[in-house]
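Predicted model only: the values in this text are computed from it and were never measured. Values below: every heavy atom of this structure, side chains too, minus hydrogens, waters and symmetry copies. Just so we're on the same page: letters track the sequence lines, and every chain starts at 1.
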Number of protein chains: 4
Amino acid sequence: MPKVSDEHLAARRRQILDAAAACFARDGFHRTSMQDVVRASGVSAGLVYRYFTGKDDMIAAIVTEWHDQRRILETGTPDERVARYLDHLAGTAETARLSVQIWAEAVRDPRIRELARRNVDDPRTATADALRTMPLAAGIEPDAFARILIAIYQGLVLQTAWDETLDTETYVRTVAAVLEAVTRP
Amino acid sequence: MPKVSDEHLAARRRQILDAAAACFARDGFHRTSMQDVVRASGVSAGLVYRYFTGKDDMIAAIVTEWHDQRRILETGTPDERVARYLDHLAGTAETARLSVQIWAEAVRDPRIRELARRNVDDPRTATADALRTMPLAAGIEPDAFARILIAIYQGLVLQTAWDETLDTETYVRTVAAVLEAVTRP
Amino acid sequence: MPKVSDEHLAARRRQILDAAAACFARDGFHRTSMQDVVRASGVSAGLVYRYFTGKDDMIAAIVTEWHDQRRILETGTPDERVARYLDHLAGTAETARLSVQIWAEAVRDPRIRELARRNVDDPRTATADALRTMPLAAGIEPDAFARILIAIYQGLVLQTAWDETLDTETYVRTVAAVLEAVTRP
Amino acid sequence: MPKVSDEHLAARRRQILDAAAACFARDGFHRTSMQDVVRASGVSAGLVYRYFTGKDDMIAAIVTEWHDQRRILETGTPDERVARYLDHLAGTAETARLSVQIWAEAVRDPRIRELARRNVDDPRTATADALRTMPLAAGIEPDAFARILIAIYQGLVLQTAWDETLDTETYVRTVAAVLEAVTRP
DNA sequence: CATGAATGAGCATTCATTCAT
DNA sequence: TATGAATGAATGCTCATTCAT
């Protein structure tokens, strides 16, 4: 019985998942056929179904990995968190495109929506807690401002998904200036 | 002779388009079958094709209407624009969900992407011009800050699409406070 | 009650039938939609169904008219018949194309096949009778040669349907020479 | 691993193509639905599309095979060609019916028309060349008489398509006698 | 008499999934 | 383990026909 190593299994799974992610980022979940994934991954149709129970399972795996990208804003000193937040504003275009597809899927699939919302809520709560320890400009509600910071991140992801040439550097600098103006009144 | 009135024709088109928009907002463009639209609109399959050449044409019509929702930030005094911008932060959940589906579609369809980008770029340019006439906090680049305002709008749309209960009021007030902090240094 | 004249009715019917024949000759019966006929005839969809019970009825009407084009070889002196036969070898391309479509339809529709076969058999029998009164070259069976003359006619119709530029004149002259060689041994 | 043999693949293709040809011969190309072909071939709907890109491709394959039935009159001594020509006058009824359907399709599809015309022109040219080396009865133009021989063939195909009981033997004998009368003046 | 909006069954085709090898 | 041929339900769309006006 050709029992192969766990590394081999994991590598195969990665190979399929990466190919699928590339397809999904480009064409969306529903315009990507399993044949597309099969072709892109270089394995056979049958094999895909030994690693994933079906298309939905594959989507779930990709969404789960995407979901784990949060936690950026949940640990460290406020300054560290700000630095990491600003860093992450500049992501790759493919990641951005995949995110947008997942956002759309979150609209119709409650389980994905749950994950997507936690990707907003967990960092937001953590950020709001941090903001409450700081002096804030007049009228700034910590919780709402935390939500605004998430929105700024999401908006940039969206704009990056549509325009690879977008100059994130100036954008990041100005976000920093906004943070400065609001938290150092 | 059943050469019916133009109003009737327009109303029929609306009826189909509204039903389609509701389907698309809920399930996305590709998970919505024409049968779904047919069922939701209450007309027959054949009739849909008298008003639209096909599914793509229907999507195009919906995207075009969505695209015309911009121009909010392009006319009036700065104060009027700010008021209108803040007003529009609080949209309906269905509109938000449809927007997210269109964003996702914009990733794969260049024509839709073009419209989506213009929905960002036209207001952004107009806003940046207005910002240049105002005193700004240190480090705030007019163009980047205009983009941030769009991002804030987009982020709220996204969060509204996932969570109907989201309290937009506090959010809007805090956005106003951010504007205050940045433009009245 | 707007009771119109019989001439009007007949003219309307002709108008529709001619438009239909043109469509059928170009695209065949099954690639021509009723919408095509409606468009080509310039009347409304509903009106077509006041003159014909349906598409099949319209086809039947056209096939019946086509069927009445036989009888060429059934009356007159042998010489007159030969002259008329040779004359009819050179038909218009549109008529030829319509004939080919009818032939194909005759393969699947027994009623049309019956008419098509009578278009072969009636002239054939009449011709064979005439041939039996003439001296024939060695080995020429009157009935088979009559069939051959029909075949020659059909073959030219077919070749005309595919090639409008076909030179029928030389062809007709050589058919006459064949007749000469066979009937004047 | 079900990388099945090439023979298996070819056999499957044949199975589908034969079933399709039978359907097309009986009902014509446009009255035959893919479901009909699927039913007749005994395979699933999906499988048909692994062997043919669509209905048009299947028609093209059948027409191409049909087209290769020419060349009968292009090689060998004149006597051999005559023998083969007379042999082929007696074809099967199904082949005849398929030919008629292809002829009709040739009227509307320029690519099929091209093949159909070459099925006339290639043998005709070869035959005319052969005829030019022979003594001919008065008034017989080699090229026109070659065309007449094609017409005789086509006419018999057509009459066979409508009438399976047609006695081809007498017909063939009389065609031979005509050839005799014309080429041995 | 005449219109053309409306119908819905039927069509060609795709695609997630299975299973014999 | 790995393959890819095979399945069949579902999709977007067309079209002959009807009927309210």
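- The listed nucleotides are dC13(F), dA16(E), dA2(E); the one nearest the side chain of Y49(B) is dC13(F).
- Of the candidates dA2(F), dA6(F), dC13(F), the closest approach to any side-chain atom of M34(B) belongs to dC13(F).
- Comparing atom distances between the H8(D) side chain and each of dT18(F), dA6(F), dA2(F) picks out dA6(F) as nearest.
- Comparing F29(D) and R50(C) by the nucleotide of DNA chain E whose heavy atom lies nearest to each, the residue mapping closer to the 5' end is R50(C).
- Comparing dG12(F), dG4(E), dA12(E) by their nearest atom to the side chain of S33(D) picks out dA12(E).
- For the pair R31(B) and R31(C), nearest-nucleotide mapping onto DNA chain F gives the more 5' position to R31(B).
- Using a 4.5 Å heavy-atom threshold, the side chains of N119(A) and Q69(A) count as touching.
- Across all strands, G46(D) comes closer than 4.0 Å to base atoms (heavy-atom distances).
- At the heavy-atom level, T32(B) lies under 4.0 Å from the strands shown only through sugar-phosphate atoms.
- When the nucleotides dA2(F), dT14(F), dT14(E) are ranked by their closest atom to the side chain of Y51(A), dA2(F) comes out on top.
- Under the Watson-Crick and G-U wobble criteria, each requiring two contacts below 3.5 Å, nucleotide dT21(F) is paired to dA2(E).
- With a 4.5 Å cut-off on side-chain heavy atoms, W103(B) and V107(B) do not count as touching.
- With dA2(E), dT14(F), dT7(E) as the candidates, the nucleotide lying closest to the side chain of L47(B) is dT7(E).
- Shortest non-hydrogen contact noted between R31(A) and D27(A) is CB-O, 3.0 Å.
- Here the closest heavy-atom approach between residue A106(B) and residue A116(B) is recorded as CB-CB, 3.9 Å.
- Between F29(C) and K55(C), the shortest heavy-atom contact is O-NZ, 2.9 Å.
- Backbone-only contact: R12(C) has heavy atoms under 4.0 Å from sugar-phosphate atoms and none from a base.
- Comparing atom distances between the S44(B) side chain and each of dT7(E), dT17(E), dA6(F) picks out dT7(E) as nearest.
- Position along DNA chain F of the nearest nucleotide to A45(C) versus G54(B) favours G54(B) as the more 5'-ward residue.
- Pairing for dG8(F) is with dC15(E), a Watson-Crick or G-U wobble pair whose two hydrogen-bonding atom distances lie under 3.5 Å.
- The shortest distance between the side-chain N/O atoms of H30(A) and the OP1/OP2 oxygens of dT11(F) is not below 4.0 Å.
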